[in-house]
Number of protein chains: 2
Amino acid sequence: MQRRMTKSQKVMLSAQDWAEAALDAIGRRGVEGVAVEPIARELGVTKGSFYWHFPNREALLVAALQRWEARETDEVLDRVQQETDPRARVKRLITEVNTSKKASRIYSALSSATKPAFVRDYVERVSKRRLDFIIDSYAALGLSADNARRWALMTFSVFLGSLQIRRDLPGEWPNADEPAFAEYVRFLMVSLMPSELDAANNTPAPDVPEWFARRGGHGF
Amino acid sequence: MQRRMTKSQKVMLSAQDWAEAALDAIGRRGVEGVAVEPIARELGVTKGSFYWHFPNREALLVAALQRWEARETDEVLDRVQQETDPRARVKRLITEVNTSKKASRIYSALSSATKPAFVRDYVERVSKRRLDFIIDSYAALGLSADNARRWALMTFSVFLGSLQIRRDLPGEWPNADEPAFAEYVRFLMVSLMPSELDAANNTPAPDVPEWFARRGGHGF
DNA sequence: GGCTTTCCATACGCTGGCGTATTGACACGC
DNA sequence: GCGTGTCAATACGCCAGCGTATGGAAAGCC
């Protein structure tokens, strides 16, 4: 990628560069930390540059969010969607608990943001798209709609919770190179993957749903 | 609780009142939203009151965080700790996915906060205490240390993830009064509760860990 | 009823970030 | 080369929030 430059070899910034820097700032300082002048300093320019590319700060946030939404849907989901076998796809889904630290920080920063109201819309769309995709993946295993939904909610919860644990308690989470990590992922694999039995009788009896008898139901 | 008042029936604020208002502000506007003058307006006073009770804004944040840490440890954990039977305790733990919306908003706001560095210390302490408690609860079922840790990590992840889903996708989460909610909780109960078999043979074979054979191991 | 303590109001200066206006330096078409 | 368009620096006014200083009202003490 050849960047545009001036004759004196100084980099010319584009709106995309600003949007990317804003996304990075969201990950490091939160949405409130997306301030024009600090980002300009980080980019080595002044805000005179910014207000040529954008009308105001909100427009920068929108650009960053669009960039984020596109990445989270197109890239991440496509990466899993290439798995055609339903079971392999769900397995791939489970291993996604080990996503990049930067991506997870952006996600949770946006998730807890309140001030520009439209941020919540982006978060909601991305989250819903992810959840729906997971539901579809479980449905492809032969589960009923209700059961696919339950499994997907649990798997999505594990995914989101793992991101938070890795950030809040990095010492408690096994490193990707340790054997404990691979063991934990395999543990999740067993716990988050329904058995063929679940896929078979997925017409829940009114009193005893099929998932109830899965492992015997320990007397509750 | 009798509040102190002046003769003209005007409420006298205490430092605790400010800390509580700050905690509320964290839940509604995030840590950055803890601003002295806005909170003063909400409390119906001016910041002249605040700077009598506190030296500066950081002290207010510390007071709010101390209050939060005390509540999250003493209250919440004690509520579960009253269950003496190990199995009942884990079950009680799982139903805790349905905590108050306000508490969950505070937790995630603090979790994604970056600016005052000491916030992370409080979050880490509270999170670690929660996780350790869950680990102990699973260990009380007879699981080995490694297994208790795995189950606890998954359960804690589900708990944290559920909070986030309820906030980001409130429509996707079943309401507490719907039957779907009770069904989902029972589903979690089965999925997050190890079988007696797990508790029995918890000496992992080197090649085939015991959790591997739990449900047959679907060929990975 | 003075005196002190407690709690709050008011007024002020300061800083950081937003947005605008103006000017300037290249690059490019022609 | 000479306008014209592109990108950026500088200077300015504005506002919100922090922290300080000072004054003041009510209550308690004796």
Side-chain angles (χ1 to χ4, degrees), chain A residues 1-22 24-26 28-64 109 113-119, chain B residues 1-22 24-26 28-64 109 113-119:
Chain A
M1 175 182 172
Q2 184 64 23
R3 305 188 60 79
R4 298 185 57 196
M5 310 199 164
T6 181
K7 192 179 267 178
S8 53
Q9 300 302 318
K10 287 186 65 175
V11 183
M12 306 286 269
L13 293 177
S14 68
Q16 304 292 327
D17 295 322
W18 281 94
E20 191 58 39
D24 189 67
I26 289 175
R28 292 187 291 111
R29 299 189 296 262
V31 175
E32 315 281 319
V34 179
V36 175
E37 283 156 324
I39 293 181
R41 284 192 289 270
E42 291 172 7
L43 291 175
V45 293
T46 66
K47 60 179 178 171
S49 163
F50 173 80
Y51 284 99
W52 193 91
H53 295 288
F54 295 91
N56 50 38
R57 177 180 174 272
E58 277 212 350
L60 174 64
L61 276 177
V62 169
T114 57
K115 250 184 54 179
F118 59 85
V119 177
Chain B
M1 174 179 172
Q2 185 64 21
R3 304 190 61 79
R4 298 184 57 196
M5 310 199 165
T6 179
K7 191 180 268 178
S8 53
Q9 300 302 319
K10 288 184 65 175
V11 183
M12 307 285 270
L13 293 176
S14 68
Q16 303 292 327
D17 294 324
W18 279 94
E20 191 57 39
D24 189 67
I26 290 175
R28 291 187 291 112
R29 299 188 296 262
V31 175
E32 315 280 319
V34 180
V36 175
E37 283 155 324
I39 294 181
R41 284 192 289 270
E42 291 172 7
L43 291 176
V45 293
T46 67
K47 58 180 179 173
S49 165
F50 172 80
Y51 284 99
W52 193 89
H53 295 287
F54 295 92
N56 50 37
R57 175 180 176 272
E58 278 211 350
L60 174 64
L61 276 178
V62 170
T114 58
K115 251 181 58 179
F118 60 85
V119 177

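All values below were derived from every heavy atom in this structure, side-chain atoms included, with hydrogens, water molecules and symmetry-related copies excluded. Quantities reported herein were computed from a predicted structural model and do not represent experimental measurements. Throughout, a chain's letter reflects where its sequence line sits, starting with A, and its residues are numbered from 1.
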Exercise. Could you tell me which residues satisfy side chain to side chain donor-acceptor pair (under 3.5 Å) with A/Arg41, sequence neighbours excluded, listed by chain and number?
Key: none

Quiz item: Got a sec, which residues hit side-chain contact (heavy atoms from CB on, under 4.5 Å) with B/Ala35, two or more places apart in sequence or on another chain?
Solution: B/Pro38

Quiz item: Got a sec, which residues hit side-chain contact (heavy atoms from CB on, under 4.5 Å) with A/Ala113, two or more places apart in sequence or on another chain?
Solution: A/Val31, A/Val119

Quiz item: To the nearest Å, how far apart are B/Glu42 CD and D/dG17 P?
Solution: 11 Å

Practice problem: Using the side-chain contact (heavy atoms from CB on, under 4.5 Å) rule, take A/Trp18 and A/Leu43 through it: C-alpha gap first, then chi angles, then the decisive distance, then the call. | Solution: CA-CA 8 Å; A/Trp18 281 94; A/Leu43 291 175; 3.8 Å; yes

Self-check item: Value in whole Å for how far the C1' atom of D/dA8 lies from CG of A/Asp17
Solution: 14 Å

Exercise. Consider the side chain of B/Trp52, meaning its heavy atoms from C-beta on, and name the nucleotide among C/dT6, C/dC18, C/dG17 that approaches it most closely.
Key: C/dT6

Quiz prompt | Donor-acceptor under 3.5 Å (B/Asp17 side chain, B/Glu20 main chain) | solution = no

Quiz item: How far does CD1 of A/Ile26 sit from CG of A/Leu61, to the nearest 0.5 angstrom?
Solution: 6.0 Å

Practice problem: Kindly point out which of D/dT20, C/dC18, D/dG17 is positioned nearest to the side chain of B/Pro38? | Solution: D/dG17

Quiz item: Residues from residues 53-62 of chain B sitting under 4.0 Å of DNA chain D, heavy atoms only?
Solution: B/Asn56, B/Arg57

Quiz prompt | Nearest-angstrom distance from the residue atom CH2 of B/Trp18 to C1' of C/dC8 | solution = 10 Å

Quiz item: To the side chain of B/Val45, which of C/dA9, D/dT6, C/dC7 is closest?
Solution: C/dA9

Quiz prompt | Given DNA chain C, 5'-ward residue of the pair A/Val34 and A/Gly48, judged by closest heavy atom | solution = A/Val34

Quiz prompt | Rounded distance (Å) that lies between atom P of C/dG19 and atom CD1 of A/Ile39 | solution = 13 Å

Practice problem: Could you check how far CD of A/Glu32 sits from P of C/dG16, rounded to whole Å? | Solution: 18 Å

Pick out the pairs of N or O atoms, protein on one side and nucleotides 11-15 of chain C on the other, that lie under 3.5 Å.
none

Quiz item: Between B/Phe50 (CZ) and D/dA21 (P), how many Å, whole number?
Solution: 16 Å

Quiz item: Once you round it to whole Å, what is the distance between C1' of D/dA21 and OH of B/Tyr51?
Solution: 13 Å

Quiz item: Looking at residues at least two apart in the chain, or sitting in another chain, which of them share a side chain to side chain donor-acceptor pair (under 3.5 Å) with A/Gln16?
Solution: A/Arg67

Quiz item: Which pairs with one or both residues in residues 45-60 of chain A pass salt bridge (Lys or Arg N to Asp or Glu O under 4.0 Å), sequence neighbours excluded?
Solution: A/Glu37-A/Lys47

Practice problem: Tell me, please, which residues at least two apart from B/Thr114 pass side-chain contact (heavy atoms from CB on, under 4.5 Å). | Solution: A/Arg105

Quiz item: So which one's nearest nucleotide on DNA chain C is more toward 5', B/Ser49 or A/Ala35?
Solution: B/Ser49

